[in-house]
Amino acid sequence: MEYTGNFAEEQKELAGQGWDDSDMLPKVERKYKDTVFRMLFRKKIALLSLYNAVNKTNFTNVDDLEITTLENAVYMGMKNDVSCVFAFELSLYEHQSTVNPNMPLRDLFYVAQQLQKLVSEKNLYGSKPLQIPAPRFVVFYNGSANMPERTKYRLSDLFQKQMEHPELELIVTVYNINPGMNEELMEACHLLKEYMLFTAKIRENRKTMELRDAVNKAVDDCICEGILVEFLKAQRAEVIAMSIFEYDQERHMQFIKEENWEEGHAEGLKEGLKEGLTQGLELNCTL
């Protein structure tokens with residue numbers, strides 16, 4: 001839905017799409033949830049600015065960029081974010097608010113689908129080698145856990161058997177885009193910087209507010225301060241809905257991690273006490 005400036009008409013249109021005007025959140029169930037990051041970088045000009053920032057280039061030939069995001073690539077209820085082919089490279093960009101060292105495996109699944117799609121009409125069984133774009137994998141991280149400015153995740157780190165020279169490798173570069181991190185990258189892509197400022201405001205507001213109030217205030221403050229102004233005005237209702245979902249998802253994942261740690265800790269104590277008791281009984285029997 002495009003922003004028209006006519007609030008009454010927007011309310012009527014949203015109601016027709018299954019939105020409740022009491023909280024401006026969608027009531028219809030969707031198979032996946034979109035993300036604010038994905039919406040921001042779904043256009044070629046925005047995606048090229050991100051490519052230039054990551055690669056320290058200054059390309060302007062936006063028509064040469066081909067967006068290849070897989071619309072049906074869903075993992076844990078989330079789409080893969082954005083991908084494109086440009087300058088003979090296949091770049092897969094993901095945004096995450098939780099630490100995930102399994103990204104190389106996820107990206108392996110994604111890139112296999114991407115490449116299959118790119119060569120679907122070519123002869124894989126011929127004697128002539130096929131030319132494919134060089135894959136590049138990037139994650140933009142803005143979660144609350146401490147992370148260095150830049151991290152490398154390797155597929156081989158997940159192998160049960162470690163090898164000096166793994167025959168299959170995939171490397172994901174993780175950029176921490178929290179405030180004060182990777183400032184050169186932020187200055188090179190102002191859209192990414194403004195996205196960081198928006199999400200940082202939500203997290204700061206959340207310390208003293210209910211989630212919905214925190215998101216609404218972040219939207220209002222950003223518009224007043226000239227951050228993502230047109231985007232937030234045009235997509236306000238959807239941005240609020242997605243931001244609430246993303247924050248809830250982040251909290252849910254953190255809860256699962258903490259719960260699993262507590263269960264593992266309790267099970268370890270139980271096994272330790274059992275083993276100690278057995279050893280004590282055996283010792284008494286030998287005395």
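Reckoned from all heavy atoms, side chains included, excluding hydrogens, waters and symmetry mates.
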I need the [X] [atom1] to [Y] [atom2] distance, nearest 0.5 Å.
X    : Y    : atom1 : atom2 : answer
L211 : I202 : CG    : CD1   : 8.0 Å
L170 : S156 : CG    : OG    : 10.0 Å
L108 : N102 : CG    : CG    : 12.0 Å
I244 : I240 : CD1   : CD1   : 7.0 Å
I171 : R136 : CD1   : CZ    : 10.5 Å
Y93  : D81  : OH    : CG    : 12.5 Å

Testing the 3.5 Å rule here: is there a donor-acceptor pair between the side chains of S83 and Q114? yes

Taking atom types as modelled, is there a side-chain donor on E94 or Y110 under 3.5 Å from an acceptor on the other? no

Check this for me: [X], atom [atom1], are more than 12 non-hydrogen atoms of other residues, nucleotides or ligands nearer than 6.0 Å?
X    : atom1 : answer
K43  : NZ    : no
E210 : CD    : no
L130 : CG    : yes

ring-ring contact (aromatic ring centres under 6.0 Å, His included) against Y141, all qualifying residues, sequence neighbours excluded: none

Less than 4.5 Å apart, any side-chain heavy atom of [X] and any of [Y]?
X    : Y    : answer
N178 : M196 : no
D64  : F59  : no
P104 : R154 : no
V219 : F198 : yes
R42  : I67  : no
E89  : N55  : yes
L228 : L191 : yes
V36  : S243 : yes

Does N205 reach the main-chain N or O of V215 with its side chain, forming a donor-acceptor pair under 3.5 Å? no

Could you walk me through whether T69 and R38 pass the side-chain contact (heavy atoms from CB on, under 4.5 Å) check? CA-CA 10 Å; T69 306; R38 197 173 191 270; 3.0 Å; yes

Look at the side-chain heavy atoms of Ile, Leu, Val, Met, Phe, Trp and Tyr, link any pair under 4.5 Å apart, and say whether [X] and [Y] land in one connected group.
X    : Y    : result
L197 : M209 : no
L118 : L124 : yes
L158 : L168 : yes
I227 : M181 : no

Reference residue F140; test side chain to side chain contact (heavy atoms under 4.5 Å, CB included); the match among V54, N182, V174, N176: V54

Which heavy-atom pair separates [X] from [Y] by the least distance, and what is that distance?
X    : Y    : result
L232 : C222 : CD1-CB, 3.5 Å
K117 : T68  : NZ-O, 4.2 Å
V172 : D107 : CG2-OD2, 3.5 Å

Could you walk me through whether F37 and L192 pass the side-chain contact (heavy atoms from CB on, under 4.5 Å) test, one step at a time? CA-CA 9 Å; F37 180 89; L192 184 65; 4.2 Å; yes

Which is it for F86 and N61 under the side-chain contact (heavy atoms from CB on, under 4.5 Å) test, yes or no, and what are the steps along the way? CA-CA 10 Å; F86 185 76; N61 48 329; 3.5 Å; yes

Any side chain to side chain donor-acceptor pair (under 3.5 Å) involving residues 118-128? Give me the pairs, sequence neighbours left out, ordered by first then second residue. none

Please, which pairs that meet salt bridge (Lys or Arg N to Asp or Glu O under 4.0 Å) have at least one residue in residues 216-225, sequence neighbours excluded? K201-E225, K217-D221, D220-R236

Go through the steps for R203 and N142 under the test side chain to side chain donor-acceptor pair (under 3.5 Å), then give the verdict. CA-CA 10 Å; R203 185 169 286 125; N142 71 337; 5.0 Å; no

Using side-chain contact (heavy atoms from CB on, under 4.5 Å), reason through V139 and Y153 one step at a time and then give a plain yes or no. CA-CA 10 Å; V139 167; Y153 288 149; over 6 Å; no

Please find out if less than 6.0 Å separates the ring center of H95 from that of F41. no

